[in-house]
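Start at 1 with the first residue, then count along the sequence.
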Amino acid sequence: PQRRKADNALIKALARAFRWQRMLEVGEFSTIAELAANERIAASYLTRTMRLTQLSPDIVEAILDGLQAADLTLETLREPAPAEWRAQMSWLCRNRKI
C-alpha cells in the first residue's frame with residue numbers, strides 16, 4: 001500500500017485507549033466508571049475507545065505508519081470487531097477500510 005497521511009485522530013485515539021488500559025491494569029483506577037469520571041467523559045465513550053486496544057498489531061501498525069485506507073474512520077474502529085486478529089483484517093477488508 002502507498003503511504004498516506006497519518007490520521008491524527010486515529011493515532012490520538014489509539015494512544016488514549018492504551019493509556020486508559022494501562023491505568024486500569026496498574027490499579028490507578030478500579031473501574032471504567034471511575035476512570036471515565038476522572039477523565040470527565042462518558043463511560044460508554046471510554047469503553048468504545050478502549051476497543052482499539054484489542055486490534056491486531058498489524059492494524060495498529062498500519063494506522064501509526066499512515067498506511068490505513070483513506071476511508072477508515074475512528075467510528076468504524078469503535079464498533080465491535082471480531083476478537084481474532086485475522087478475522088479483524090477480513091472484517092476491515094470486507095468493508096474496504098484497510
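Nearest heavy atom pair, residue A42 against residue A36, reads C-CB, 4.1 Å. Nearest heavy-atom pair, I11 versus A6, reported as atom, atom and distance to 0.1 Å: CD1-CB, 3.8 Å.
Tested against W20 for a side chain to side chain contact (heavy atoms under 4.5 Å, CB included), the candidates L52, L46, T53, T47 yield a single pass: L46.
Put simply, the side chain of L77 reaches to within 4.5 Å of the side chain of I63, judged on heavy atoms. Using a 4.5 Å cut-off on side-chain heavy atoms (C-beta onward), R86 and W91 make no contact. Contact of the E34 side chain with the E39 side chain is not registered, since no non-hydrogen atoms from C-beta on lie closer than 4.5 Å. When side chains are defined from C-beta on, L92 does not count as touching Q88, because their heavy atoms never get closer than 4.5 Å.
When the side chains of ILVMFWY residues are joined at heavy-atom separations under 4.5 Å, either directly or via intervening members, L64 and M89 end up in a single hydrophobic cluster. No single ILVMFWY cluster, assembled from side-chain heavy atoms under 4.5 Å apart, contains both F29 and F18. Each of M50 and V60 belongs to its own hydrophobic cluster when Ile, Leu, Val, Met, Phe, Trp and Tyr are linked at side-chain heavy-atom distances under 4.5 angstrom.
Looking only at distances, no side-chain donor or acceptor of E61 sits under 3.5 Å from a matching main-chain atom of L67. With T49 contributing its side chain and Y45 its backbone, the two residues share a donor-acceptor pair below 3.5 Å.
One finds the CG atom of L10 at 7.5 Å from the OG1 atom of T73 (value rounded to the nearest 0.5 Å). Here the straight-line distance linking atom CD of Q21 with atom CG of L35 works out to 11.5 Å at 0.5 Å rounding. Atom OG of S30 and atom CE of M23 lie 12.0 Å apart (nearest 0.5 Å).
Of the charged side-chain nitrogens involved, at least one lies within less than 4.0 Å of a carboxylate oxygen, so that E75 and R78 count as a salt-bridged pair.
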